[in-house]
*Asks:* 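The structure's right below; bear with me while I get my questions together.
All chains are named by letter (A, B, ...) in the order of the sequence lines, taking the proteins before the strands, and each is independently numbered beginning at 1. Quick caveat, the model's predicted, so the values are computed rather than measured.
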Protein chains: 2
Amino acid sequence: MNETDGQTTDRDDARTASPATAQNSGTGTLGKALSVLETVVTSDTPLRFSDILVLSGQPRGTLHRQLSHLVEEGLLVQGRDLCYEPGLRLLKFAYRSWSKNQFRAVAAPHLRKLHEETGETVHLGVLRGTEIIYVDKVESRQTVRMESQIGNASPVYCTGLGKAALSVLPPGRLAETLGKLTFHRFTANTHLSAASLKRDLDEARLRGYAFDREEHETEIRCVAAPIHDAGFDLVAGISVTGPAYRVTMEQLEIWANPVRQAAMAISEDVEIRLGPGR
Amino acid sequence: MNETDGQTTDRDDARTASPATAQNSGTGTLGKALSVLETVVTSDTPLRFSDILVLSGQPRGTLHRQLSHLVEEGLLVQGRDLCYEPGLRLLKFAYRSWSKNQFRAVAAPHLRKLHEETGETVHLGVLRGTEIIYVDKVESRQTVRMESQIGNASPVYCTGLGKAALSVLPPGRLAETLGKLTFHRFTANTHLSAASLKRDLDEARLRGYAFDREEHETEIRCVAAPIHDAGFDLVAGISVTGPAYRVTMEQLEIWANPVRQAAMAISEDVEIRLGPGR
DNA sequence: AATGTCGTTCCATTATGTGGAACTCGCTCT
DNA sequence: AGAGCGAGTTCCACATAATGGAACGACATT
């Protein structure tokens with residue numbers, strides 16, 4: 001019944017590989033602590049101390065103190081089986097973070113409109129590094145739970161939102177982002193190389209919208225259009241998603257226009273309401 | 001070394017920090033950084049550098065570096081108006097944190113059942129310090145958005161969930177928690193003293209359930225029952241909430257039983273599925 | 001009992017964060 | 001204009017707070 005969970009294999013993190021010259025983040029102590037936190041939080045399985053030990057590559061004593069601090073702060077909790085789990089303080093932070101998100105608020109009415117036009121699920125996602133973070137959604141059927149994808153992070157290269165966002169990046173930033181990608185096969189259609197992805201992006205750029213042809217999940221298709229501000233500080237996308245049996249590629253072509261219009265309307269509102277520049 | 005979260009009932013904490021280096025001491029650098037993050041994230045208004053300066057009580061140079069680090073880490077972003085806002089990384093963390101929450105998963109079917117029985121909104125919240133963190137909900141009408149309260153933090157003393165949770169605390173912990181409270185009047189019915197709250201809690205303890213008689217928001221009532229594990233490491237509550245015009249106190253009395261049953265069922269499931277102890 | 005694994009604690013070393021003061025920018029007031 | 005002010009940013013001697021190797025204790029396995 002409920003489930004969610006999804007996938008999102010983003011196993012980056014944990015720069016274990018290079019103990020020597022590990023190239024520590026620029027943010028010193030905080031960065032290291034967050035890196036540990038992220039390892040725990042994004043793991044698909046519960047982690048014990050020594051699991052984290054190998055993933056993080058830190059010395060025992062150091063890691064132990066970092067974890068203790070994270071627990072003291074309520075960002076992690078340790079169950080009686082000694083496994084570390086995400087703590088409630090994270091939820092609290094996120095609620096505030098989400099409810100105050102200006103971009104989401106500005107875009108919300110457009111999402112609803114697009115949903116009314118198409119009848120399928122509409123997503124809003126923001127580009128962050130090599131990931132798309134889902135920021136809002138309007139669901140078709142009010143299924144079970146709200147536990148929508150909000151906050152979920154999916155790779156750029158296999159989602160409509162991701163490809164739409166990438167397609168408008170200035171060449172420099174695009175190259176930089178592509179360079180950081182590591183590909184993972186989710187379905188038979190997943191892009192597995194930068195070259196293949198780049199061709200797809202070129203088409204998307206010309207058309208003004210991108211598809212997901214069951215590249216992330218089988219039986220799931222979507223069409224997405226890019227949103228960005230003048231300075232490309234904000235790069236995002238809006239999409240309509242549906243099951244393949246109900247949503248043909250022809251249907252997606254038809255929806256492409258409304259999706260683009262919604263995207264453009266949001267882009268405009270962003271410039272107006274969040275101020276030029278930003 | 002207890003220290004958990006310490007204060008912060010939202011609202012003004014600004015100047016409580018005056019007594020020289022008030023509350024830190026727990027987790028060193030990380031704690032301070034998170035304290036800054038929390039100030040920004042929980043603020044009701046956008047904050048500029050110097051706002052945070054007075055709120056945090058840190059020296060200029062220090063605060064500036066802390067903020068820079070938080071921005072570098074993606075926990076905050078700085079708009080062109082120089083205001084700091086919560087960053088997307090928080091959302092990502094929270095999604096994982098929420099979707100992996102065992103307690104929520106165990107309780108979910110009971111929430112749905114209770115919703116079917118009552119037809120009104122059902123909430124699940126966990127006690128954390130002096131706050132109740134909303135962890136899940138099932139809404140009556142699928143209004144607009146999912147933006148439910150999930151992750152929202154409300155004071156214990158004016159919510160049904162909060163009072164239900166407090167009512168089962170062992171005397172020691174209850175006293176400790178009451179001692180940390182600072183009361184703020186939300187409505188005409190809000191408890192404004194520990195004494196008054198304590199009387200209410202005594203009644204709730206006897207009955208086995210607690211009410212919110214428009215104590216947090218006018219025109220909103222609820223009935224809530226406590227959930228906890230053997231060691232009181234997990235203290236939570238489940239509630240049914242509705243608008244006063246539709247939900248009379250008599251109605252709440254009637255729902256009290258189903259609510260209690262749901263709470264007890266969850267308590268049992270927790271012991272079984274999450275293991276004794278914890 | 002002996003051995004191995006895992007989590008926790010200790011402590012000398014030094015890398016890191018600290019915070020007062022000086023600097024820069026943009027704005028308002030006269 | 002120019003002085004004056006307030007907001008944000010940078011700098012650097014100093015000491016706090018993180019580091020990580022090594023020892024310790026608790027179980028489990030043989």
*Asks:* Whole angstroms only, please: what is the CZ-C1' distance between A:Phe49 and D:dG20?
*Replies:*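 Answer to the nearest Å: 12 Å.
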*Asks:* Counting any heavy atom closer than 4.0 Å, what does B:Leu63 reach on the DNA or RNA strands: base, sugar-phosphate only, or nothing?
*Replies:*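 No contact.
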*Asks:* If you only use heavy atoms from C-beta on, which nucleotide in D:dG8, C:dT8, C:dG19 is closest to the side chain of B:Pro59?
*Replies:* C:dG19
*Asks:* What's the spacing between A:Cys83 SG and A:Leu47 CG if we round to 0.5 Å?
*Replies:* 7.0 Å
*Asks:* Measure from CD on A:Gln58 to P on D:dG21 and round the result to the nearest Å.
*Replies:* 11 Å
*Asks:* Nearest to the side chain of B:Lys32, which nucleotide is it out of D:dA7, C:dT18, C:dG19?
*Replies:*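 The answer is C:dT18.
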*Asks:* Closest to the B:Thr29 side chain: C:dG19, C:dG17, C:dT8?
*Replies:*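 From the listed options, C:dG17 comes nearest.
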*Asks:* Using whole Å, what does the distance between atom P of nucleotide D:dG6 and atom CG of B:Leu53 come to?
*Replies:* 14 Å
*Asks:* Could you check how far CZ of A:Arg65 sits from P of C:dT8, rounded to whole Å?
*Replies:* 14 Å
*Asks:* Provide, to the nearest angstrom, the distance between the CD atom belonging to A:Glu72 and the C1' atom belonging to C:dT8.
*Replies:*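 Rounded to the whole Å, the gap is 15 Å.
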*Asks:* Answer with base, sugar-phosphate or nothing: what part of the nucleic acid does B:Leu82 contact at a heavy-atom distance below 4.0 Å?
*Replies:* sugar-phosphate
*Asks:* When you measure from the side-chain N and O atoms of B:His64 to the phosphate of D:dT9, is any distance below 4.0 Å, counting only OP1 and OP2?
*Replies:*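 Yes, such a contact exists.
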*Asks:* At under 4.0 Å between heavy atoms, what does A:Ser50 touch on the DNA or RNA strands: base, sugar-phosphate, or nothing?
*Replies:* sugar-phosphate
*Asks:* Which whole-number value in Å describes the distance from A:Leu55 CG to C:dC6 C1'?
*Replies:* 16 Å
*Asks:* Please work out whether the ring planes of B:Phe232 and B:His228 are parallel, tilted or perpendicular, with thresholds of 30° and 60°.
*Replies:*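 The rings of B:Phe232 and B:His228 lie parallel, inter-plane angle below 30°.
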*Asks:* Calculate the interatomic distance between A:His69 atom NE2 and D:dA17 atom P; express it in whole Å.
*Replies:*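 Going from NE2 in A:His69 over to P in D:dA17 covers 10 Å.
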*Asks:* Between P on D:dC27 and CG on A:Asp81, what's the gap in Å once rounded to a whole number?
*Replies:* 16 Å
*Asks:* Testing the basics here: between B:Ala94 and A:Leu91, what is the closest heavy-atom pair and its distance to 0.1 Å?
*Replies:* O-CD2, 4.2 Å
*Asks:* With a 3.5 Å cut-off and heavy atoms only, can you find an N or O donor on one side and an acceptor on the other between the side chain of B:Arg60 and the base of D:dG8?
*Replies:* yes
*Asks:* Show the numbers, then the answer: is there a salt bridge (Lys or Arg N to Asp or Glu O under 4.0 Å) between B:Lys100 and A:Glu85?
*Replies:* CA-CA 8 Å; B:Lys100 289 175 58 184; A:Glu85 298 170 22; over 6 Å; no
*Asks:* Check this one for me: any side-chain N or O of B:Thr62 less than 4.0 Å away from OP1 or OP2 of C:dT18?
*Replies:* no
*Asks:* Looking at every non-hydrogen atom in both residues, tell me the closest pair between B:Arg104 and B:Trp98 and how far apart they are.
*Replies:*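 Closest pair (atom of B:Arg104, atom of B:Trp98, distance): NH1-O, 2.7 Å.
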*Asks:* Is A:Arg48 touching bases, backbone alone, or none of the nucleic acid, heavy atoms closer than 4.0 Å?
*Replies:* sugar-phosphate
